[in-house]
Amino acid sequence: MDEQPFKKIHRLRKSGNLKDAWDIGCQVVEENPNDEYLKGAFFWVCYDYLKEVQSSIKSRAEGGSGDYTPSSSELERINFLLDRIIQLNIPHSPGDYDEYRSLLLQFQINLECLPKLVLILIKYSNNLFTEEDKQPFVNEKGESPSLMLKFSRKVSKSWMANEEVRQINIDELCSLFALTRQEAKDKQQQIWLDYDEAKCLVRAKRFEQARGLALNTLRRKQTESWAWGALATTYRNEDLDAAIVLFSKALCCARDDVFVLPVLKGLAPLLAKKNYEGEASMCVKRAVNCYVENGWNIKSDLEKLMGQHWYNAEVDLDLFPHFLEKQAATALDFLFGEREQRTAVVQNIHASGKGFHAYINRNQSLSVRLGLYRSKRPPSVGNYICLTLSAEDQSVIAAEPCESESMDDVGYIDGKLNIKEQGFGFVGDTYVPKNLVRQDMNGREVSGIKVLTLDKIKGKHSWMALTIDVLPLP
């Protein structure tokens, strides 16, 4: 009995004889275009050839270049094989060994460089991922993005860079981002999806929609120049003054001009339009200096700015920082609108050590990220702090140490500590939690800070100690 063609293709491929498997596959698939077994067997021949090309790219990158971009000949070969896969029109069957998921796994490191593959995979993105693919990788250093999130970010990057991929319309792209937010279990990394989507929406000239996402990113990355630059870009075509303020703030946050070259190039023409020709020249000169200092060839966009009638290479760059600080003075108004300040007491430190809760009154206690606390030393429970809040939604903009002051729902403890058998204690009517109590404190005079908190069992507010200090014996 003759061996069935799909089995022969499979056998030849498994034995490493890809050429004969290919030759037979090309012929029998053309003769039997609806045979799913043949198409499946031939797909894996194409896949093995693709794997060979990718192995070559990885070897070159890991050998020193670090660049996983395929050469023109490698891309031509990949596209040829992908065209054959497209012609197979294999039905999508979600699962661990799905053909399309296998392509994603093989090319996840450089997917953004392969427009044809992006277009293939986007077609099946709604059912491309297993539950495992939606889980981030977590270790002691933090969280690495899930495969699903990485895929969405790669698609975004490819869409921004490649005309072919932009046949995916912006609504379809935003639907992918929405699906990823809904299904991927990433917590720390989804902020980057907001940033990517904002850039795509700017490209699509949906500035107001982009602005909301840029604000989401910036409120968590207030010290990052790129985050201020992203928000500035959403104003560039609609409000010149706002864009100048925000680009100026981005430059005030910059640690190295290498990372703000797009900001310098973007701000220069805006300043020139507002007749700040000297300052526009300073932007260009700083960018030129950065290229020269790093030994790079100056790019055409910068050369074009250098050729503008207003450009003066003799400007004094020492004057630029003061101008930028003056322009950036109102930047926080774009981020949070009207602001207010409130005195608070540090109520507890988060278990992660990355933040704390600030007690304002019996009805309001806010979580504060440590990155917003303006002090060289981290806070301790009972410290008084000044919070800067958004008047609109009470989100925390900044926090810093301050002197103690009278607060309605904060008081001071002064009396004898009575420890109960259960391990907690009382000073008068003030409850002292177990974590503040040591047995040698029993009966001693103590002082500390207390706050009014809701007793859920009794359904009313009562005093609870935040700190306890034993007073010295007379």
Side-chain angles (χ1 to χ4, degrees), residues 46 50 53-54 57 61 65-89 92 100 103-104 106-126 128 148-180 192-211 213-214 217 226 229-230 232-238 243 261-263 265-266 269 296-305:
C46 296
L50 285 166
V53 182
Q54 181 73 326
I57 296 169
S65 73
D67 184 3
Y68 290 87
T69 305
S71 66
S72 57
S73 60
E74 288 166 339
L75 184 59
E76 184 179 356
R77 176 68 169 160
I78 289 169
N79 286 340
F80 169 76
L81 292 163
L82 290 175
D83 281 335
R84 296 308 300 259
I85 288 173
I86 292 170
Q87 291 167 13
L88 293 174
N89 194 26
H92 178 47
Y100 300 106
L103 288 172
L104 171 59
Q106 183 59 236
F107 288 98
Q108 60 178 298
I109 198 166
N110 54 358
L111 177 64
E112 70 275 21
C113 305
L114 308 172
K116 194 179 293 290
L117 182 55
V118 170
L119 293 173
I120 292 172
L121 294 178
I122 200 76
K123 181 178 178 181
Y124 304 108
S125 57
N126 283 353
L128 188 61
M148 187 176 193
L149 181 59
K150 283 196 287 187
F151 172 75
S152 293
R153 296 204 66 205
K154 295 278 187 178
V155 170
S156 167
K157 188 173 182 180
S158 187
W159 191 90
M160 287 288 291
N162 194 282
E163 190 70 37
E164 183 181 356
V165 179
R166 279 198 292 280
Q167 65 182 273
I168 303 168
N169 68 53
I170 187 63
D171 292 318
E172 188 177 359
L173 192 63
C174 290
S175 294
L176 172 64
F177 295 145
L179 180 69
T180 301
W192 303 112
L193 201 59
D194 289 347
Y195 178 57
D196 291 341
E197 187 170 1
K199 290 190 292 184
C200 293
L201 287 164
V202 166
R203 182 65 178 260
K205 301 189 184 306
R206 295 190 181 181
F207 299 110
E208 187 173 351
Q209 195 177 349
R211 194 168 299 137
L213 290 159
T217 305
W226 55 264
T233 303
T234 70
Y235 284 99
R236 186 163 51 189
N237 288 22
E238 299 180 347
L261 287 171
V263 173
K265 296 175 189 178
W296 300 333
N297 293 326
I298 293 177
K299 292 187 176 180
S300 58
D301 57 349
L302 187 53
E303 287 181 337
K304 185 177 179 180
L305 290 172

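The first residue in the sequence is number 1, and the count goes up from there.
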Worksheet entry | Any side-chain heavy-atom pair of Ile122 and Ser125 under 4.5 Å | yes

Discussion item. Looking at every non-hydrogen atom in both residues, tell me the closest pair between Tyr235 and Ala243 and how far apart they are.
Written reply: CB-N, 4.0 Å

Item to complete: Kindly give the heavy-atom pair with the smallest separation between Ile170 and Cys200, and that separation in Å.
Response: CD1-O, 3.9 Å

Item to complete: Might you confirm whether atom NZ of Lys157 has over 12 heavy atoms from other residues, nucleotides or ligands at distances under 6.0 Å?
Response: no

Worksheet item: When rounded to the nearest 0.5 angstrom, what is the spacing between CD1 in Ile86 and NZ in Lys123?
Response: 8.5 Å

Worksheet item: Any donor-acceptor pair under 3.5 Å linking the side chain of Asn110 with the backbone of Tyr68?
Response: yes

Item to complete: To the nearest 0.5 Å, tell me how far Trp159 CH2 sits from Leu176 CG.
Response: 12.5 Å

Fill in: Reported NZ-to-CD distance for the pair Lys150 and Glu112, which is rounded to 0.5 angstrom
11.5 Å

Worksheet item: Does any non-hydrogen side-chain atom of Glu197 lie less than 4.5 Å from one of Ser156?
Response: no

Discussion item. Quick one, Lys116 and Asp83 - any side-chain contact, counting heavy atoms below 4.5 Å?
Written reply: yes

Worksheet item: Is there side-chain contact between Asn162 and Val118, with at least one heavy-atom pair below 4.5 Å?
Response: no

Worksheet item: How long is the span from the CG atom in Leu114 to the CD atom in Glu164, to the nearest 0.5 Å?
Response: 10.5 Å

Worksheet item: So do Leu50 and Phe107 actually touch side chain to side chain, heavy atoms under 4.5 Å?
Response: yes

Fill in: OG1 on Thr233 to CZ on Arg211, rounded to 0.5 Å
11.0 Å

Fill in: Smallest separation among heavy atoms of Gly229 and Val263, with atom names
CA-CG2, 4.5 Å

Worksheet item: Under 6.0 Å from the CG atom of Asn297, do we count more than 12 heavy atoms belonging to anything else shown?
Response: no

Fill in: Donor-acceptor under 3.5 Å (Lys154 side chain, Ile109 main chain)
yes

Worksheet item: Donor-acceptor pair, Arg203 side chain versus Met160 backbone, under 3.5 Å?
Response: yes

Item to complete: Answer yes or no: is there a side-chain heavy-atom contact under 4.5 Å between Asn79 and Leu75?
Response: yes

Discussion item. Tell me whether Gln106 contacts the main-chain N or O of Gln54 through its side chain, where contact means a donor paired with an acceptor under 3.5 Å.
Written reply: no

Worksheet item: Looking only at heavy atoms, what is the nearest atom pair of Leu305 and Pro269, with distance?
Response: CD2-CD, 4.2 Å

Worksheet item: Do Val202 and Phe207 come within less than 4.5 Å of each other through their side chains, counting heavy atoms only?
Response: yes

Discussion item. Using a 6.0 Å cut-off, check whether atom CD of Glu76 has over 12 heavy atoms from anything other than its own residue.
Written reply: no

Discussion item. Let me confirm one number: the OG-CD1 distance from Ser158 to Ile168, rounded to the nearest 0.5 Å.
Written reply: 7.5 Å

Worksheet item: Is any side-chain heavy atom of Ile78 less than 4.5 Å from a side-chain heavy atom of Leu117?
Response: no

Item to complete: Please test Leu261 against Trp296 for side chain to side chain contact (heavy atoms under 4.5 Å, CB included), starting from the C-alpha separation and ending with a verdict.
Response: CA-CA 13 Å; Leu261 287 171; Trp296 300 333; 3.9 Å; yes

Fill in: Salt-bridge criterion met for Glu163 and Arg166 (N-O under 4.0 Å)
yes

